Amino acid sequence: MSDKNPTPPPTAKQDSQIEKSQQHLNEAKTDLDDAQKVLDKTNAKKSEIEKEIEKLKRQLDDKFVQILEKSEIKTEDILETKEDDDGLSFNRSVTIKAPINIAFLKYWGKRDVNLNLPLNSSLSATLDPNILCSETTVETSRYLLRDEISINGEEFVPVNPKSRIGTILKELRYMARREHGRVKIDEKSVDENGKEVTKISFSENRLPMSFFSQKLRVKSHNNFPTAAGMASSASGMAALTYAIAHLYNLTANYKEKVAKLSTIARQGSGSAVRSMLGGFVEWQKGEDPEGTDSIAVPFEQFHHWPDLRFLICVAGEEKKKVSSTAAMIKSQKTSTLLEHRTGKVCDLIMTHMKKAIKSRNFPMLGELIMRDSNQLHAICQDTFPPINYLNETSRKIIDMVHRYNGQTAKKCLAYSFDAGPNAVLITTQEHLDDICTLVKKHFAADDVDDEDFFHENSMPFYTGNPIELEGDKDKKPFEGIKGGVKYCIVTQIGSGPVVTFDAFEVVDTREGNKTEEKTT
Ligand code: DP6
């Protein structure tokens, strides 16, 4: 149908007006872009200045404490309530459990090897510390002659101050001295002689400075295979950091302190940053060359997704052949795929993973987790010479998961592998029993009972009739590797480190008498 009143074409005058308006619009857009650029620059400058101020504040604080430490004056002497702690022994014993964490988006590569500053931000789930943990006891008393440590029941050995553990001890002592000796310079006022004075006060909940000079005895053990790619360094270093921090009263107001404490745990092992918190945790890579912003940040609490389950399939307990540190350095030197990952892929995965976690979208999260794990091991293959963490059993498990997801069309199962052959299968409570059954059928040795195959601390389970997994084109059913998985641990998301014991007493060593006792 033709239009009865067609719009007349614009006149030449209207044309020129439209053109002029277009020009004005373009100019306005350019002005807006310029203004935005200026604003961005100003904001960047502002955050630089704020960082600089923070740094100066810290330096000032440090300087003051250093001066106090070097001077003849004891911190206590400056206090109004002078304490004479000479001859007193402050005995404290703290035991804590710190969890392992499973990285969904993995950390691989370091921008600073000494400080363990990562090339990429990573994201993980912290697992229940009551099932898998490093348990660490730290004791202190005036009578200890050296800092010493025993790991997994081995003999006590002196802590090498230059080792990663030595660094954690040094950093925590330093933080404790600063926190407890923290000087608050109150406003200036005028005294009775008309002289300007500055009032100095100290933080509350103060422990005597001599407490932080007492030596430490550390005893730590893991209830799972050490160094077989099961995040033992993460929970171990987080446990050490948290236990000493608690001993030094640094865990009160934990929300405020965790960023700083995670920078200390990081110097023990990168992935330990994420074990300092429960639930879903992001380790932000940060930009600062000193790593002050390379910290743990909570993403979601552990109760956000309560029915998420983890089935850890222990496929080998021997120590890994190449440590993560050495492997990362080799990958950085030789793998071009790693460059691609850190430059392009990680940020994208992070954005999508966060969405999947927020909306509890398992199929989406599962696929991202598997892709990330596969990429890590592809980088290990791209490293020259290649590094192989996976074994035959690991590869069969990968195959099993894809067949299961394809056959059930539910996409309710995912796998993840760190620097070792052990698989972490991730699913939800609804599918857990089926999956336990499947793993046992295809990967347990024939003569193993359920009680021996599933770890004693694991959550309750039953094993019913597994679905028959189809095999290859020849229609032979899927076959795993009998005895490939030694045992399984079923676990869930959990809280961060927990204190299980804390006793504190003050002993008068001059008399040999106990003068005060406080046990919590
Ligand atoms: C594959 O934290 O063990 O588990 O910082 O050198 O101690 P260091 O490395 P580490 O590396 C863990 C690597 C990973 C991935 C991850 O947990 O993010």
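All figures in this text were calculated on a predicted structure; none of them were measured in a lab. We count ligands from 1, going down the list as the structure has it; atoms in each ligand are counted the same way.
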- Item | Numbered atoms of ligand 1 (with element) below 4.0 Å of Lys110, judged on heavy atoms | 5 (O), 6 (O), 8 (P)

- Message: For the 3.5 Å polar cut-off, considering only N or O atoms, please tell me whether Thr325 and ligand 1 meet it.
- Response: yes

- Task: Heavy-atom distances under 4.0 Å are what count here, so tell me which part of Ala103 touches ligand 1: side chain, backbone, both or neither.
- Result: side chain

- Query: Using heavy atoms and a threshold below 4.0 Å, how should the contact between Ser122 and ligand 1 be classified: side chain, backbone, both, or neither?
  - Reply: neither

- salt_bridge(Glu48, Lys51) N-O dist < 4.0 Å: no

- Interatomic distance, Met400 atom CE to His442 atom NE2 [nearest 0.5 angstrom]: 7.5 Å

- Task: Using non-hydrogen atoms of the residue, decide whether Met237 is closer than 4.0 angstrom to ligand 1.
- Result: no

- Applying a strict 4.0 Å limit to heavy atoms, is Trp283 in contact with ligand 1? no

- Flag Gly270 as yes when one of its N or O atoms lies below 3.5 Å from any N or O atom of ligand 1, and as no otherwise. yes

- Item | cation_pi(Lys396, Phe478) dist<6.0 Å, angle<=45 | yes

- Is it the side chain, the backbone, both or neither of Asn116 that has a heavy atom closer than 4.0 Å to ligand 1? side chain

- Message: Does Lys358 qualify as a cation-pi partner of Phe299, given the criterion of NZ or CZ under 6.0 Å from the six-membered ring centre and within 45 degrees of its axis?
- Response: yes

- Please name the residue in the list Leu216, Ile165, Asn160, Thr140 that meets the side-chain contact (heavy atoms from CB on, under 4.5 Å) test with Asp147. Leu216

- Please say whether Lys106 places an N or O atom under 3.5 Å from an N or O atom belonging to ligand 1. no

- May I ask you to list the atoms of ligand 1 that are less than 4.0 angstrom from any heavy atom of Met328? 9 (O), 11 (O), 13 (C)

- Message: In this structure, is the centre-to-centre distance between the rings of Tyr415 and Tyr404 below 6.0 Å?
- Response: no

- Using the side-chain contact (heavy atoms from CB on, under 4.5 Å) rule, pick out the option among Met175, Glu179, His180 that qualifies with Phe212. His180

- Task: Could you establish whether Arg274 and ligand 1 come within less than 4.0 Å of each other, counting only heavy atoms on the residue side?
- Result: yes

- Message: Does this structure show an ion pair linking Asp372 with Arg341, if we count only N-O contacts that are shorter than 4.0 Å?
- Response: yes

- Which ligand 1 atoms does Trp108 reach within 4.0 Å, using its non-hydrogen atoms? 1 (C)

- Query: Would you say Arg164 touches ligand 1, if touching means a heavy atom closer than 4.0 Å?
  - Reply: no

- Query: Quick one: which ligand 1 atoms are inside 4.0 Å of a heavy atom on Ser233?
  - Reply: 3 (O)

- Side-chain donor-acceptor pair present, Arg360, His304, cut-off under 3.5 Å: yes

